[in-house]
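This report refers to the structure that appears directly beneath it.
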Amino acid sequence: MPIAYGLLPLAAYLLRAGRLDYQSLWYDEGSSLYLSRQSLAAITQGAAADIHPPLYYYFLHFWMAVAGSSEYAVRSLSAAAGVLTVAVLFALGRRVCGARAALVAAVCGAASPLAIYYSQETRMYAQVTLFGLLGTYVLVRLTDGRLPKPSPWLWPAYSVAMVACLYSQYIGALVLAAHGLYMMLRAVVSHVLPRSPAVHVRRGEGLMGSMEPSPAGAGEGRVRAPAAGAARPSDSLLGHFVLTAGAATAVYLPWLYVARGSLLGWPSTDAFHAGAQLFADAAFRYVFGLSAVATPVTAAVAGVVVAVGAVTCSLAWRGRRGVRAARGGGSLRPSAVAAAEGRTLTLPSPAAAGEGSLAGAWLLVLYLVVPLGAMFLLGYRKPIYNAKFALIALPPFLILLGAGIGSLKRLWPAPLALTLAAAGYALYNYYANPAFARDNYRGLAQYIQASQRPGDAILLDAPGQEQIFPDYYRGGLPEIGLPTDRPLNPDATAQQLAKLSQHYQRLWLVLYGTNGSDPGGYVERWLAGHDYEVLNQWFGNVRLAAFAAPPAQPQALRPIDATIGGFAHLIGCSLTPQPVASGDVLQLALKWQASAPAPADLKV
């Protein structure tokens, strides 16, 4: 086991650091670099106008000052967050579910295609996941009853972790909501349960319950019933939580006020995964990440992995309850129930496989369900679900999966092998299959540089690409963002395009993210109607088109007398002046005359 513990961070690091700069930076990563290169004041102002809080950009600003701004350097910040996430994942899993479950969860987390993808991206999603997980771990330490007197620094540490989570990405608020719901349910259940006489409890931790051992007892502890009218421990914990969570929220509220404009204008995602489809898509992404297509085979594999984790985890917890509430229900505090029944509650030692606390397990369930459920409910007003947002609930999924697989005793290697095989397939696609690569601005810029000639210019549609394209293009051609107005002004845009078409012999058009600035494709349609389209090629989700301007002086027509199909009479043609150099465009103009009605719409 100790060797495995040491190898896990190494494996997580190698999977995240390997080929870190193999793929090109894409549009969103370019936005991160552009903003993080500014002063702190400019970052704050820019983030307020954006749809993300500023903390990640602050971190990246100082990170680049030390590590540089290469692809490897800027992505390594997220890679570091991903490695730390695996370490905290193991710590939380061990505390709640035991060593074996924690080891399985950490192995799956180290190899998770979804986690690796966002650990290799210059964005804030790995960071917000880390801080949300860290806050959850601190909360478990504060509430699972194993610390006779918790450190006075733990509650402030929780508040700091949640402030960092909230300031990393707005979706971090859903983790805080899960924590709040857990603490309220914990307090409610505590008041529903009867008060108990003293009960002897064996020291340790159980999958289905928690306890508060006496500091002096090495083998056993005594849980005493609260005196009549005394405050319950859960009340004190809830009060501390309200204070610390309230402090984190108070620190966050000024930013919400500053960024209220961008928040109210938050754009919808491309598709809304309604109902079961949202949860099914999240489950598929938790197993295969973004580097696999949902086919009958892959969907079945994902379904088996999720079903094995859910069923075995549920059966393991039911089998280890050992106590039940007086009215037949489960309990977040089974020790109190056992005391009420006059029994001794024996809990397995921390070293036993499958141990943990039921209270912590319910926290994991809420940690998983609340973010996804909130995205589902909010989606009826405005679709917000996206795999990058679902990443925040990946840690509890992995721990619950690890608890289920780890409970299978001798059979646990089989479902773990299936999970890792699915991850291996997805990682192979991610590393080696171009179909799953990020948008290739690097290759696009290299293509232009290899094919450009004097008299060319580059149009960036949408103009936001000015934040990423110059990081790769070094050819010296003019870079012009169009359209300049939002919403697009057709008359003004047409005038700009006419001037550009007259001034430049060839226009390279880089198209990405036009839904907001040029939803009707006006720029491309204008160029296609006035110039010669000579190239149309995809580089991931970025498209490169090229248009050659017609000669300033019309060329003389060479007479031709030919009738085609009995209705189209070709009366002349013209070619660009000779000779045509390699790489140039041969412009051919044909003049037609209808000699009879055409039988259908035809295109030459």
With a 4.5 Å heavy-atom cut-off, do [X] and [Y] have their side chains touching?
| X | Y | value |
| --- | --- | --- |
| Met183 | Leu237 | yes |
| Ser32 | Tyr57 | yes |
| Tyr182 | Thr143 | yes |
| Pro415 | Val305 | no |
| Tyr385 | Leu378 | no |
| Thr136 | Val88 | no |
| Arg186 | Leu181 | no |
| Ser168 | Phe131 | yes |

Shortest non-hydrogen separation from [X] to [Y] and the atoms involved:
| X | Y | answer |
| --- | --- | --- |
| Val301 | Ala422 | CG1-CB, 4.0 Å |
| Arg16 | Gly109 | NH2-O, 3.0 Å |
| Leu174 | Ala374 | CD2-CB, 3.6 Å |
| Leu398 | Ala105 | O-CB, 3.3 Å |
| Gly132 | Val175 | O-CG1, 3.9 Å |
| Val104 | Gly402 | CG1-CA, 3.7 Å |

Enter the distance from [X]:[atom1] to [Y]:[atom2] here, rounded to the nearest 0.5 Å.
| X | Y | atom1 | atom2 | value |
| --- | --- | --- | --- | --- |
| Ile405 | Leu103 | CD1 | CG | 11.5 Å |
| Ser78 | Trp63 | OG | CH2 | 9.5 Å |
| Leu368 | Leu363 | CG | CG | 11.5 Å |
| Leu77 | His61 | CG | NE2 | 13.0 Å |
| Leu89 | Leu130 | CG | CG | 11.0 Å |
| Leu416 | Leu411 | CG | CG | 12.5 Å |

side-chain contact (heavy atoms from CB on, under 4.5 Å) evaluation trace for Leu166 with Leu55
CA-CA 9 Å; Leu166 293 170; Leu55 185 61; over 6 Å; no
Do any N or O atoms from the side chain of [X] and from the backbone of [Y] form a donor-acceptor pair under 3.5 angstrom?
| X | Y | result |
| --- | --- | --- |
| Ser76 | Ala73 | yes |
| Tyr367 | Ala361 | no |
| Arg94 | Gly98 | no |
| Thr298 | Val293 | yes |
| Asn429 | Ala292 | no |
| Arg75 | Gln120 | yes |
| Glu29 | Thr122 | yes |
| Thr244 | Ser159 | no |

Among Tyr286, Phe397, Phe284, which one satisfies side chain to side chain contact (heavy atoms under 4.5 Å, CB included) with Val306?
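Of Tyr286, Phe397, Phe284, side chain to side chain contact (heavy atoms under 4.5 Å, CB included) with Val306 is met by Phe397 alone.
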Let me see the working for Ile399 and Cys97 under side-chain contact (heavy atoms from CB on, under 4.5 Å), right down to the final yes or no.
CA-CA 8 Å; Ile399 296 175; Cys97 299; 3.9 Å; yes
Under 6.0 Å between ring centres, would you say that holds for Tyr430 and Phe436?
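When the ring centroids of Tyr430 and Phe436 are compared, they turn out to be at least 6.0 Å apart.
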Please find out if less than 6.0 Å separates the ring center of Tyr252 from that of Tyr167.
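Here the rings of Tyr167 and Tyr252 have centres that are less than 6.0 Å from each other.
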Which residues pass the ring-ring contact (aromatic ring centres under 6.0 Å, His included) test with Trp412, sequence neighbours left out?
none
Between Phe241 and Tyr158, what is the ring plane arrangement, given parallel below 30°, perpendicular above 60°, and tilted in between?
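Ring orientation of Phe241 relative to Tyr158: tilted.
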Parallel, tilted or perpendicular, judged at 30° and 60°: which one describes the rings of Tyr118 and Tyr125?
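Aromatic pair Tyr118/Tyr125 classed perpendicular.
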Test log, rule side-chain contact (heavy atoms from CB on, under 4.5 Å), inputs Met124 and Leu60:
CA-CA 10 Å; Met124 65 292 298; Leu60 185 58; over 6 Å; no
Could you give all pairs that pass the salt bridge (Lys or Arg N to Asp or Glu O under 4.0 Å) test and reach residues 119-131, with sequence neighbours left out?
Glu121-Arg438
Do Leu185 and Leu366 pass the side-chain contact (heavy atoms from CB on, under 4.5 Å) test, and can you show the C-alpha distance, the side-chain angles, and the key distance before you say yes or no?
CA-CA 11 Å; Leu185 290 175; Leu366 293 173; 4.1 Å; yes
Give me each pair satisfying side chain to side chain donor-acceptor pair (under 3.5 Å) with a member in residues 101-117, each pair once, sequence neighbours excluded.
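Qualifying pairs: none.
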More than 12 heavy atoms of other residues, nucleotides or ligands under 6.0 Å from OH of Tyr13: yes or no?
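No, not enclosed.
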